[in-house]
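Please read all numbers here as calculations on a predicted model, not as lab measurements.
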Amino acid sequence: MMNLNELTIKEARVLLDEGKITSLEITEACLKQIETLDKDIHACLTVCADSARAEARVADKRLKAGERGMLLGIPYLCKDILMTKGIRTTAASKILENYIAPYDATVVMKLKGAGAVLLGKTNLDEFAHGASTENSAYGPTKNPYDLTRVAGGSSGGSAAAVASHMCLFALASDTGGSIRQPASFCGVVGIKPSYGKVSRFGLLSMTSSTDVVGPIAKTVFDAALVLNVIAGKDELDATTAPVEMTKIENKFANNTDAQPLSGVKVGLPTEYFLENLNPEVKDKIIAVANKLKLAGAEIKSVSLPYTKYGIPVYYIITPSEVSSNLARFDGIGWGLKKEEAVNLQEFYKKSRGAGFGPEAKRRIMLGTYTLSAGYYDAYYKKAQTVRTLIIEDFNKAFKKVDILLTPTSPHGAFKIGEQSNDPLAMYLEDIFVTGASLSGLPAISVPAGMIKVKDGNEMPLGAQLIAPRFQEDLMIQIAKLIV
Ligand code: GLN
């Protein structure tokens, strides 16, 4: 039999329910994998082996007593930007190095209730600012396919952990691509749910108007399972919507097996396939489109003319919200304290100066500037106006097609250090992922094969599907036909 940590959730479920394996055995296999590989990969910031074993034993008791549940006894890792009661939550920042949250994030609570086993917390770019996990104050996560390359970001730890079978799934967050891009770089599946589909309570806020929590998993089926458990209205997050997840199996009930997508229109946005797109990336996505065509879908070209404003708009709105959200880490209520300061001003300066890394500081400065009285109209307000045009682009496209298909990233994983001194190059990483974030739309990245990368061999590439708001069911159904 294969190593238990290599199982999908679906496979583990059958074996657990039949009593052929125990949750403790899968948990031990995952902990062993972490111990063996994480010295090199650095996907985890905290491993809570003892509490994981205790949780696995409880799950085994529940199973023995006849209880059933899709995630009962399934071990997972959680991005270290989600609060976990009694377990360190750092956001990969020095400012929260020793922070122990007094409560669980709603998603963590839900997984606890479902009997999932928390193995530990995964690495990320500090406060989720980044696209490579190189902005972590604790060092970068390496890509399991090539340890000289990044795992993507900001949820690089979660993606690398799933790809290297340290867990059966991981929780992550996506503000402007942070679930999808690392999933693409590490050859796994990542779902960014619609804004408001999953509670943000207990997620350390980055850009509150685009932040969402979602799963990274080995298969589309597994990711959908986790989403079903964590989604739903939460009284502790007023932006969650009371939208039920429709049963994922029913959508195409009337279609034949040979043509499951007959009647479905898939749009390829021309602005995502410009001339300078790496031809190998284009070929992979066209191959995915052909697969969907064989399944009965109609493939159409559509236009999203405001796409080119996605990055500039995102990089005004995000720092604006970041500068406001990070203001709470002042060393008094929250975060690192530098007691030697002589007055309050100096205390803030010293504590925040020592606690935040360069990217967080860059965003605080940019955002403070774009929100300042003299520049608010020229930057923040303008960006919000253009954001509405980007949202309208998608609304118009969804009158013509049911779903959009694009690359997740313009290339495979790059070398560690290759772009870290060039913030603009790093911001351009988000070219295909910011649109869905600014518009609150659900999107998924699924493996679309391997492509050649600069100075290296082949690395994974993801295909992205973007669906209308709250149409996760349709998106998942189509994604299942890709891999
Ligand atoms: N690369 C984006 C950024 O740096 C993604 C962030 C995210 O989704 N958390 O802002």
Side-chain angles (χ1 to χ4, degrees), residues 130-133 141 143-146 149-164 169-170 172-193 212 214-224 227 266 268-269 272-273 277-292 310 403-414 428-437 441-453 456-467 472 475-476 478-483:
S132 68
T133 315
T141 295
N143 194 306
Y145 281 83
D146 175 349
R149 292 180 183 271
V150 301
S154 63
S155 314
S158 290
V162 173
S164 56
F169 72 94
S173 66
D174 191 312
T175 300
S178 280
I179 289 179
R180 292 162 283 160
Q181 187 256 21
S184 173
F185 278 14
C186 293
V188 289
V189 175
I191 298 181
K192 171 226 177 289
V212 280
I216 293 183
K218 297 174 193 176
T219 64
V220 175
F221 185 92
D222 281 7
L227 178 61
V266 177
L268 299 177
Y272 286 60
F273 293 91
L277 180 67
N278 174 345
E280 253 198 286
V281 171
K282 185 173 173 187
D283 289 351
K284 289 287 178 222
I285 306 304
I286 298 301
V288 170
N290 287 336
K291 221 176 198 180
L292 298 179
I403 196 137
L404 297 166
L405 169 65
T406 80
T408 306
S409 162
H411 44 235
F414 45 88
L428 284 170
E429 283 300 311
D430 307 335
I431 190 119
F432 299 142
V433 281
T434 49
S437 292
L441 303 173
I444 186 170
S445 181
V446 293
M450 307 287 283
I451 55 163
K452 270 192 226 70
V453 286
N457 300 322
E458 293 201 312
M459 293 297 286
L461 175 83
Q464 174 178 233
L465 292 173
I466 306 174
E472 277 82 354
M475 180 177 88
I476 286 162
I478 297 176
K480 277 201 207 152
L481 298 168
I482 299 176
V483 277

[X] side chain vs [Y] backbone, donor-acceptor pair below 3.5 Å:
| X | Y | value |
| --- | --- | --- |
| D174 | G177 | yes |
| Q464 | F432 | yes |
| K192 | I466 | no |
| R180 | S445 | no |
| T219 | D222 | yes |
| N143 | V150 | yes |
| S437 | T175 | yes |
| K291 | I482 | yes |

[atom1]-[atom2] distance between [X] and [Y], expressed to the nearest 0.5 angstrom:
| X | Y | atom1 | atom2 | result |
| --- | --- | --- | --- | --- |
| L465 | I403 | CG | CD1 | 4.5 Å |
| L227 | I444 | CG | CD1 | 9.0 Å |
| I216 | S155 | CD1 | OG | 5.0 Å |
| F169 | S158 | CZ | OG | 10.5 Å |
| Y145 | E458 | OH | CD | 11.0 Å |
| E429 | S184 | CD | OG | 10.0 Å |

Exercise: identify the closest heavy-atom pair between [X] and [Y]:
| X | Y | result |
| --- | --- | --- |
| I179 | A172 | CG1-CB, 3.7 Å |
| G153 | Q181 | N-OE1, 2.8 Å |
| D430 | A131 | OD1-CB, 3.9 Å |
| V433 | T408 | CG1-O, 3.7 Å |
| V453 | G412 | CG1-CA, 3.8 Å |
| A467 | M475 | CB-CB, 3.9 Å |

Please examine the side chains of [Y] and [X], heavy atoms only from C-beta on, and report whether any two atoms are closer than 4.5 Å.
| X | Y | answer |
| --- | --- | --- |
| M450 | L461 | no |
| C186 | P144 | yes |
| V483 | V220 | yes |
| F273 | L268 | yes |
| V212 | S173 | no |
| N278 | K282 | no |

Angle between ring planes, H411 versus F185, binned at 30° and 60°: parallel, tilted or perpendicular? tilted

Please say which of I431, V288, I285 ends up in a side-chain contact (heavy atoms from CB on, under 4.5 Å) with P407. I285

Side chain to side chain contact (heavy atoms under 4.5 Å, CB included) for K480 and V446? Distances and angles first, verdict last. CA-CA 9 Å; K480 277 201 207 152; V446 293; over 6 Å; no

Run V162 and K218 through side chain to side chain contact (heavy atoms under 4.5 Å, CB included) and show every step you take. CA-CA 7 Å; V162 173; K218 297 174 193 176; 3.7 Å; yes

